[in-house]
Amino acid sequence: MTDLRQALRGAALAIACLFAVGLGVQPARAEIEVNVNRGDVQPLPIAVPALGGGQVGADIAGVIAANLQRSGLFRPLDPASFTERDLSAAVQPNFASWKQINAQALVNGQVTMEGGRLKVDFRLWDVFAEQQLLGLQFTSSPENWRRVAHKISDAVYERLTGEKGYFDTRVVFVAESGGRTNKTKRLAIMDQDGANPSYLTDGAVTVMTPRFSSTSQEITYMALRPEGSSIYLFNLETGRRESLGDFKGMVFAPRFSPDGGKVAFSVERGGNSDIFVMDLHTRTSARLTSDPSIDTSASFSPDGSKIVFNSDRSGSPQLYVMGADGSNPKRITFQGGRYTAPVWSPTGEFIAFTKQTGGQFQIGVMRPDGGDERILTSGAMDEGPAWAPNGRVVMFSREAGGASRLWSVDVTGRVLQAMPYPGAGSDPAWSPLLN
Amino acid sequence: MVLTLNARSALRLALIGAATVSMAACATKPKPTYPTTTAAPPVQAPPAPDRGVAQQSLPANQGPLPGSQQDFVINVGDRIYFDLDSYAIRADAQALLDAQATWLKRYGATAIRIEGNCDELGTREYNLALGARRANAVRDYLVGRGVNGERITTVSFGKEKPIDGGSGEEANAKNRNGHTVLVSGAR
């Protein structure tokens with residue numbers, strides 16, 4: 001293991017320690033804030049000069065630098081400070097010139113066209129150890145150059161942090177337009193960096209709460225009509241869409257099980273909402289709760305054995321964990337405030353939630369037993385957390401000036417920023433890593 | 001019912017006139033009631049099919065046709081309001097719901113949908129559940145007053161369909177409501 005990786009690991013450890021002692025750190029409010037003064041966490045200075053091979057090489061480097069910057073763990077250096085101008089992917093860099101600007105890591109590479117295909121060689125260097133950490137080649141169709149940049153970003157992130165990346169992913173969300181009393185809500189999809197946004201539905205019907213399968217490019221979401229609601233399964237690759245079925249009463253709050261084989265959701269009958277689960281192969285449903293309270297927002301643990309959900313059975317909305325068969329529900333929130341919208345992290349480490357207290361809406365995370373609560377954001381209307389597939393970043397919506405925007409925050413609360421998507425949006429859902 | 005633009009304008013005027021009549025009635029009587037002007041068109045028995053005739057006999061600036069959507073909205077009222085995070089029918093909503101029940105029993109061919117709505121002080125999925133409770137609380141009240149439950153459907157819009165786009169308690173109080181909508185059978 002290199003010194004570089006140890007340094008980043010140290011940073012990750014420092015983050016974990018901060019979490020464990022539950023320091024009451026004020027959430028950041030700026031559009032982009034990377035607070036390098038907190039604890040030992042210093043973003044790693046990294047140089048990402050334009051890859052050789054013309055404009056597409058420069059564009060790929062730009063996407064990589066932006067991804068690493070937004071993670072909060074890296075500080076891409078200003079290309080104007082680079083002194084070695086003619087890097088070749090085939091030759092070792094001149095480490096002295098990169099040490100001079102204090103670049104700890106360096107990404108270089110070369111783009112070529114071969115038989116109509118884009119071929120990208122890239123290497124990751126530890127500047128002070130003067131050694132290559134990674135050397136990979138990607139080929140794709142030329143229009144997929146952004147995905148190549150995301151895959152390189154993921155490779156760099158994983159090599160230097162020891163954790164999986166989350167850059168070659170997409171986000172499904174609800175694109176909003178119109179005023180508050182006449183909102184149009186459309187399903188939309190974009191890359192995790194806000195690029196390539198497109199609509200999946202036309203806005204004729206209000207859609208809400210999309211959720212990704214963690215195993216496939218499939219989503220489940222809810223459509224709300226005056227005549228009632230429906231839950232849909234929608235395969236983004238085939239375009240195939242199907243209803244979960246006809247139910248008496250409202251159906252809402254769908255979430256996939258970790259293996260993608262089941263959907264947990266709420267069914268309302270006579271005003272009472274309970275949690276059901278449907279096996280997608282047999283199309284049979286089982287009822288998991290039968291309390292005369294509101295039971296909703298079920299979310300599976302990543303091993304599929306447990307479900308966290310929202311219930312007001314104690315008199316106010318709180319979070320409960322039960323077995324995936326509905327057994328043994330136990331309340332986990334006792335800190336005061338109203339807790340809703342729980343989402344179990346893909347690593348199993350945390351449960352993210354929305355908390356209302358003191359007139360604020362907050363996004364927070366806690367351990368699955370309710371311990372170590374940490375509030376990451378606070379605003380007039382922060383809600384709807386969704387996890388990046390590596391469990392390090394939470395996306396949510398924040399309302400300001402009557403419009404809802406997508407934001408993200410890392411699990412430490414240190415890196416809070418608006419998503420680089422200019423439109424109004426809510427209810428984000430993060431895809432697993434693409435294949 | 002399809003109306004031309006001119007017919008719509010005429011209807012608007014008619015509604016304003018009716019509202020004035022109705023408010024005057026409220027000032028002198030304890031309960032809202034139907035317009036008592038003698039010029040009201042003859043009431044047809046509920047199953048009577050000749051709606052066209054009834055429409056043509058309406059003179060200008062007349063109150064809304066009894067048994068119509070407009071009659072229900074203006075003379076009875078189609079919305080009641082709830083307290084924060086509550087689905088209990090408030091005492092001040094009972095008179096209006098009683099009038100809804102009376103009207104619905106009088107016009108027995110009508111069917112209604114009750115829409116439960118919430119303010120923004122709650123998250124999306126929780127509010128869908130809360131709105132469903134509100135819609136069903138209204139439904140249960142009307143059934144308790146003798147309206148056949150078969151004529152009633154319910155839906156929750158959660159916080160998706162606010163009638164006041166503002167923030168703060170004034171807007172929130174309006175947005176916590178149960179809305180009764182005639183879906184069929186109105187004149």
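Keep in mind that this is a model prediction, so the values were computed, not measured. Below, chain A is the first sequence line, B the second, and so on; all start at residue 1.
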Among residues 136-148 of chain B, residues within the sub-4.5 Å heavy-atom range of chain A, in order of number, are B:Asn136

Which atoms of A:Thr354 are under 4.5 Å from chain B, going by heavy atoms: the side chain, the backbone, both sets, or neither? side chain

Check whether any side-chain heavy atom of B:Arg133 sits under 4.5 Å from a side-chain heavy atom of A:Ser293, and report yes or no. yes

Whatever's closer than 4.5 Å to a heavy atom in chain B on A:Arg225 counts as backbone

Would you indicate whether A:Asp246, at its atom CG, is surrounded by more than 12 heavy atoms from other residues, nucleotides or ligands within a distance under 6.0 Å? no

Looking at B:Thr154, B:Leu130, B:Asp85, which one has more heavy-atom pairs under 4.5 Å with chain A than the rest? B:Asp85

Output the distance between atom CG (B:Leu128) and atom CE (A:Met222), rounded to the nearest 0.5 Å. 4.5 Å

Among residues 156-164 of chain B, which ones touch chain A with a heavy-atom distance under 4.5 Å? B:Ser156, B:Phe157, B:Lys159, B:Glu160, B:Lys161, B:Pro162, B:Ile163, B:Asp164

Is A:Asp295 in contact with chain B via its backbone, its side chain, both, or neither, using a 4.5 Å heavy-atom distance? neither

With only heavy atoms counted, which part of B:Ala135 is less than 4.5 Å from chain A, the side chain, the backbone, both or neither? neither

CD-OH distance between A:Glu383 and B:Tyr126, expressed to the nearest 0.5 angstrom: 13.5 Å

Would you say A:Met250 and B:Val155 make side-chain contact, with heavy atoms under 4.5 Å? yes

Those residues of residues 165-182 of chain B, ordered by number, that approach chain A below 4.5 Å (heavy atom to heavy atom): B:Gly165, B:Gly166, B:Ser167

Output for pair (B:Thr123 OG1, A:Arg338 CZ), nearest 0.5 Å, gives 8.5 Å

If I measure from the heavy atoms of chain B, does A:Ile294 come under 4.5 Å with its side chain, its backbone, both, or neither? both

Just checking, any donor-acceptor pair under 3.5 angstrom between side chains of B:Glu125 and A:Thr296? no

Report the option among A:Gly179, A:Pro317, A:Gly249, A:Ala341 that has the most heavy-atom pairs separated by less than 4.5 Å from atoms of chain B. A:Pro317

What part of B:Arg124 is in contact with chain A, defined as an atom under 4.5 angstrom from a non-hydrogen atom: side chain, backbone, both or neither? both

A:Ser266 versus chain B, the contacting section by heavy-atom distance below 4.5 Å: neither

Taking everything shown except B:Glu150 itself, do over 12 heavy atoms lie less than 6.0 Å from its CD? no

Residues two or more places apart in sequence or in another chain: which of them pass ring-ring contact (aromatic ring centres under 6.0 Å, His included) with A:Trp387? none

Just verifying a value: how many Å separate B:Glu120 CD and A:Met381 CE, rounded to the nearest 0.5 Å? 3.5 Å

